[in-house]
Amino acid sequence: MTKNNLTTFFEEFLHNKSLFVNRSALLSSYTPESIPHRDKEMNNIASILAPALKQEKPSNLFIYGNTGTGKTLVVKHVVKNMGEISKNKKIPLKVIYVNCKLKRVADTEYRLMSQLASCFGKAIPSTGLPTDEVYKSFYSAAEKEQGIILLVLDEVDQLIKKVGDNVLYNLTRINEELKGAQISILGISNDTTLTENMDIRVKSSLSEEDVFFALYNAVEMKSILQERASKAFHENTIEQGVIEKCAAYAAREHGDARKAIELLRVAGELAERSKSEKVSFEHIDEAEEKLEREKIFDIIKTQPKQFQAVLYSIITLKNKNPIVYTGEIYDLYKKICFKIGLRPLTQRRVSDIIGEFELIGIINTKTISKGRYGRTREITMSIPSSTNPLTKKILEEELSIA
DNA sequence: AGTCCACAGGAAGGGCAGGCGA
DNA sequence: TCGCCTGCCCTTCCTGTGGACT
């Protein structure tokens, strides 16, 4: 673009009427004033947590339901509200929110505890300390607090799958050690079957109360989208049926409202960029593709080289056969390592890496036996195959494979 | 009925980065 | 600074196993 072109571009940009009134209403960081179709759950959670305002320790609470059913939103909403009241009335109440999925932040016992301690302003080194030392650090910080501490552990299923339920056991017993403050634990899980495999003691103490979030049905989803859209867009900027399409897309993705809202936002942005006057069906399709790409892109970029190499071999093999096995992956992985000058890890480790990919949700595995030809894991992709070429390309760039 | 494949996945321990007390 | 501690990532070694094949 020459300087003149650029000026014209910006002038046109300013001149163009935006489709959005308030784009932020469609961002994931946006907290709506009300959460439609979740009154029952919200009231339920509020009544369970309410004793905290009277300085009585609320029951530990286990909240479960599929992704995008509003769990986090509702909890944050309730907790925020309580925070404001406690502040106004000077009731000692502290809320700690931790997302356990964050890789290398809160995905091990040590890291979670160090994260918790840091919420009290205690800096814990990334390694070097014994874990019980980190626990003590957290205890002593919590001890200095007064009143009730609400500890929200989001995506707690990820943590438990990775390191077991020992952490929760320790956390649920923390109050026995504390004299000052009392801690209530709110576990939020996307895995609806999580408690089934948990230690019975942990299970009973974590879910003294539990709240289930059901999927949104098509009608509810539509009304959620409509409400957000009316806040975000100017009137008559959305073509007839577009909202329904978003809702249908979300229903396909297991009733995930967050995704549907994001889809609408990206579609709007694309429409605006292409100078359309309305958000149309094509924009939704385009947005769907874009979102899928970005999601995968983000995951890949943050993986270590070794993980990328493993994923690259999976995808390469996937392009040839619909089903791939651990052995094939490892063979190709070794070749790739040789090609790019990476020291190959052992098969044992690669097997674990494959397991981690399953945990992230990129692949699905199933242990099968091929009889005379041994036992192995059958690996299928859980991301759409249409994104494979692009994923492969990104990996090639990341790994500098010519 | 027994064999044997090709892994899964548990246990133990090494190396590394980093913390702590002397 | 040094010796010893830790968590994490990884390797080594190992036992376990479903079912096709003999």
Side-chain angles (χ1 to χ4, degrees), chain A residues 98-141 158-171 197-199 299-300 302-314 317-318 320-338 340-360 362-380 382 398-399:
Chain A
V98 180
N99 186 325
C100 304
K101 196 180 178 177
L102 294 174
K103 215 179 175 190
R104 288 169 230 289
V105 175
D107 59 348
T108 68
E109 190 172 8
Y110 183 98
R111 285 168 181 164
L112 173 70
M113 292 316 293
S114 96
Q115 190 68 18
L116 292 182
S118 76
C119 290
F120 289 111
K122 288 226 175 183
I124 306 284
S126 62
T127 172
L129 295 183
T131 306
D132 57 335
E133 204 62 43
V134 186
Y135 268 99
K136 276 181 201 154
S137 202
F138 174 70
Y139 286 145
S140 73
Q158 297 281 331
L159 179 72
I160 290 174
K161 274 183 207 153
K162 199 166 172 203
V163 299
D165 51 17
N166 204 25
V167 205
L168 282 186
Y169 180 68
N170 293 334
L171 276 175
N197 306 317
M198 269 198 308
D199 183 318
I299 294 174
I300 295 170
T302 53
Q303 297 299 324
K305 278 266 180 302
Q306 296 285 4
F307 282 60
Q308 291 176 342
V310 175
L311 189 58
Y312 182 74
S313 18
I314 296 176
L317 287 167
K318 214 61 216 180
K320 294 180 197 132
N321 325 306
I323 298 168
V324 294
Y325 304 102
T326 310
E328 306 174 85
I329 294 170
Y330 188 63
D331 287 344
L332 182 59
Y333 159 81
K334 272 195 296 192
K335 280 185 201 149
I336 290 163
C337 284
F338 181 72
I340 61 174
L342 203 63
R343 197 177 58 83
L345 302 175
T346 55
Q347 175 146 1
R348 180 73 189 79
R349 179 64 188 137
V350 169
S351 173
D352 279 346
I353 290 175
I354 292 173
E356 289 197 41
F357 277 134
E358 186 179 23
L359 214 59
I360 304 172
I362 303 183
I363 60 170
N364 286 314
T365 74
K366 197 171 108 193
T367 319
I368 55 144
S369 173
K370 294 195 282 178
R372 188 76 178 73
Y373 306 101
R375 255 160 70 90
T376 183
R377 270 190 294 182
E378 212 177 72
I379 288 142
T380 49
S382 53
E398 287 285 311
L399 294 166

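Letters A, B, ... are given to chains in the order of the sequence lines, protein chains preceding strands, and every chain is numbered from 1. Scope of the values below: all heavy atoms of this structure, side chains included, with no hydrogens, waters or symmetry mates.
Annotation: side chain of A:Leu116 is in contact with side chain of A:Leu171 (closest heavy-atom distance under 4.5 Å). The closest side-chain heavy-atom distance from A:Lys334 to A:Ser313 is not below 4.5 Å. Side-chain atoms of A:Lys305 and A:Leu399, non-hydrogen and from C-beta on, do get closer than 4.5 Å to each other.
In this structure, CG of A:Asp352 is placed 8 Å from C1' of B:dG9, rounded to the nearest angstrom. Look at CE on A:Met113: it is 19 Å from P on B:dG19, rounded to the nearest Å. Rounded to an integer number of Å, the gap from A:Tyr330 OH to B:dC7 P is 11 Å. Following rounding to the nearest Å, A:Arg348 (CZ) and B:dA12 (C1') show an atom-to-atom distance of 12 Å. Separating the CG atom of A:Leu129 from the P atom of C:dC4 is a distance of 19 Å, rounded to the nearest angstrom. Between the P atom of C:dC5 and the CD1 atom of A:Ile124 lies a distance of 21 Å, rounded to the nearest Å. One interatomic measurement links the two molecules: CD1 of A:Ile368 to P of B:dC5, which rounds to 17 Å at whole-angstrom precision. Atom CD1 in A:Ile379 sits about 7 Å away from atom P in B:dA8, given to the nearest Å.
Contact annotation for A:Glu109: no contact, since no heavy-atom pair falls under 4.0 Å across all strands. If you check every strand for non-hydrogen atoms under 4.0 Å, A:Pro304 touches nothing. Residue contacts for A:Thr127: at a heavy-atom cut-off of 4.0 Å it reaches a base atom on one of the strands shown.
Among A:Val350, A:Leu345, A:Leu332, A:Ile336, the single residue meeting the side-chain contact (heavy atoms from CB on, under 4.5 Å) criterion with A:Val310 is A:Val350.
For C:dG7, one of the phosphate oxygens OP1 or OP2 lies less than 4.0 angstrom from a side-chain nitrogen or oxygen of A:Thr131. The side chain of A:Tyr373 contributes an N or O atom lying less than 4.0 Å from OP1 or OP2 of C:dC21. Under 4.0 angstrom from either OP1 or OP2 of B:dA8 there lies at least one side-chain N or O belonging to A:Thr326. Put simply, A:Arg372 has no side-chain N or O that comes within less than 4.0 Å of OP1 or OP2 on C:dC21.
Between the base of C:dG7 and the side chain of A:Arg111 there is no donor-acceptor pair shorter than 3.5 Å.
Out of B:dA8, C:dG18, C:dC10, the shortest distance to the side chain of A:Ser351 is found at B:dA8. Comparing C:dC8, C:dC10, B:dG9 by their nearest atom to the side chain of A:Tyr110 picks out C:dC8. Here the side chain of A:Arg349 is nearest to one of C:dC8, C:dT11, B:dG9, namely C:dT11. For A:Ser369, the listed nucleotide lying nearest its side chain is C:dG18; candidates were B:dC7, C:dG18, C:dT12.
A distance of 6.5 Å separates OH in A:Tyr110 from CD1 in A:Ile124, rounded to the nearest 0.5 Å.
Residue A:Arg375 is the one, among A:Pro125 and A:Arg375, whose nearest nucleotide of DNA chain B lies closer to the 5' end (criterion: closest heavy atom). Along DNA chain B, the nucleotide closest to A:Gly374 and the one closest to A:Arg377 are compared, and the more 5′ of them pairs with A:Gly374.
A donor-acceptor pair is defined here as one N or O able to donate and one able to accept, closer than 3.5 Å; such a pair exists between the side chain of A:Ser118 and the backbone of A:Gln115.
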